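For reference, the structure discussed in these notes is given below.
Per chain, numbering begins at 1; letters A, B, ... match sequence-line order. Quantities reported herein were computed from a predicted structural model and do not represent experimental measurements.
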2 protein chains.
Amino acid sequence: MRAEALKGHLDGILLAVLEPGPGHGYAIMEALRVRSGGQVDLPTGTVYPALHRLERAGLVQASWSEAGGRRRRVYELTPAGRRALDTERTTWQDFSAAVSALLHPAPAAVTSP
Amino acid sequence: MRAEALKGHLDGILLAVLEPGPGHGYAIMEALRVRSGGQVDLPTGTVYPALHRLERAGLVQASWSEAGGRRRRVYELTPAGRRALDTERTTWQDFSAAVSALLHPAPAAVTSP
DNA sequence: CGACTATAAGTAGCGACGCTACAGGTAGCG
DNA sequence: CGCTACCTGTAGCGTCGCTACTTATAGTCG
């Protein structure tokens, strides 16, 4: 899938992945690949800047951790992040319903009589 | 609705509106507003450039028409445009299913055991 | 040992896209 | 005459995801 189509919804997806518990960037990319059945496979140049963006926005909170000589930046939802996720979910519902409706039927011609 | 969220799907929507028959820019904006129950209300600075883009891409074909002293640029789908619309519909199905799946459940934590 | 893969994080620069804020013009109504 | 609806358009901006690259450690295979 053209991951480019995620435009504007990536943030919500990342927040959703972090909802059940903290995680680091690499694990998030893995989780997305697995959960989408390989459909969503984001490059690092997409995920890391997005996480930094979320951090700047105060939606996630980050901290360094060490595991087997590998440093990890672990991200966790903030209260604001949870609220933003809720908002994103309802926004997505409305949005996808609207697009589906517009994309599918095609009842009559556009030109007025 | 944040029309910005349409990123990447606007073209498909415009093609869908033009599917049943030709139409001009202003009527297209009207049609979108009406069909979406006011949810989708695009500014002219979004619609006209998008139509020009579709024209450059060969997905629509444009011609001037005159009606009551008002010039109108009427757009019509090309065969390539119809094919692109089909593609967009299946792409949208996959995409929206994937996003819904990722956004909603949240089965387990990200971090591996 | 050396090469390679997996794990892990990051940045610079680019291109695409939608938006804001304009500009310009006609028709009709009070 | 002023206002609203109709109709098209552009310049410049900001955001966002992508490509391509860099840096570093751990494990595996020949």
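Nearest nucleotide to the A:Asp11 side chain, out of D:dG17, C:dA9, D:dT8: D:dG17. Side chain of A:Tyr75, nearest nucleotide from D:dT8, C:dG10, C:dA9: C:dG10. Across D:dC18, C:dA6, D:dC7, the shortest atom-to-atom separation from the side chain of A:Tyr26 is found for C:dA6.
Atom CD in A:Glu66 sits about 12 Å away from atom C1' in C:dA9, given to the nearest Å. Here D:dC7 presents its P atom at 12 Å from CD1 of B:Ile28, a figure rounded to the nearest Å. Note: CE (B:Met29) to P (D:dC6) measures 10 Å, nearest angstrom. Atom CG of A:Leu51 and atom C1' of C:dA8 are 13 Å apart (whole Å). In this structure, A:Leu54 atom CG and C:dA9 atom C1' are separated by 16 Å, rounded to whole Å. The interatomic distance linking B:Leu32 (CG) with C:dG18 (P) rounds to 13 Å, in whole Å. Atom pair A:Leu6:CG and D:dC18:C1' shows a separation of 12 Å (rounding to whole Å applied). Computed from coordinates, the B:Glu30 CD to D:dT4 P distance equals 17 Å when rounded to whole Å.
Contacts of A:Glu76 classified as salt bridge (charged side-chain N to carboxylate O under 4.0 Å, His left out), with partners at least two apart in sequence or in another chain: none. Applying the salt bridge (charged side-chain N to carboxylate O under 4.0 Å, His left out) rule to A:Arg53 yields the partners A:Asp11; only residues at least two apart in sequence or on another chain are considered. In terms of the side chain to side chain donor-acceptor pair (under 3.5 Å) criterion, residue partners of A:Ser100 (sequence neighbours excluded) are, by chain and number, B:Trp92. Annotation: side chain to side chain donor-acceptor pair (under 3.5 Å) contacts of A:Arg70 (sequence neighbours excluded): none.
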| Which letter, B, S or -, goes with each nucleotide of nucleotides 20-30 of chain C from 5' to 3', with contact meaning a protein heavy atom under 4.0 Å? | BB----BS---

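Side-chain atoms of A:Ser36 do not come within 3.5 Å of backbone N or O of B:Ala98 as any donor-acceptor pair.
Residue order along DNA chain C, read from the 5' end via each residue's closest nucleotide, puts A:Tyr48 first among A:Tyr48 and B:Leu10. Heavy-atom nearest nucleotides on DNA chain D were determined for A:His9 and for B:His52, and the one closer to the 5' end corresponds to B:His52.
At a threshold of 4.5 Å between non-hydrogen side-chain atoms, the residues A:Leu14 and A:Leu18 do not count as touching.
Put simply, B:Arg53 has a side-chain N or O that comes within less than 4.0 Å of OP1 or OP2 on C:dG18.
Within the structure, salt bridge (Lys or Arg N to Asp or Glu O under 4.0 Å) pairs that include any residue of residues 21-30 of chain A comprise A:Glu30-A:Arg33 (at least two apart or interchain).
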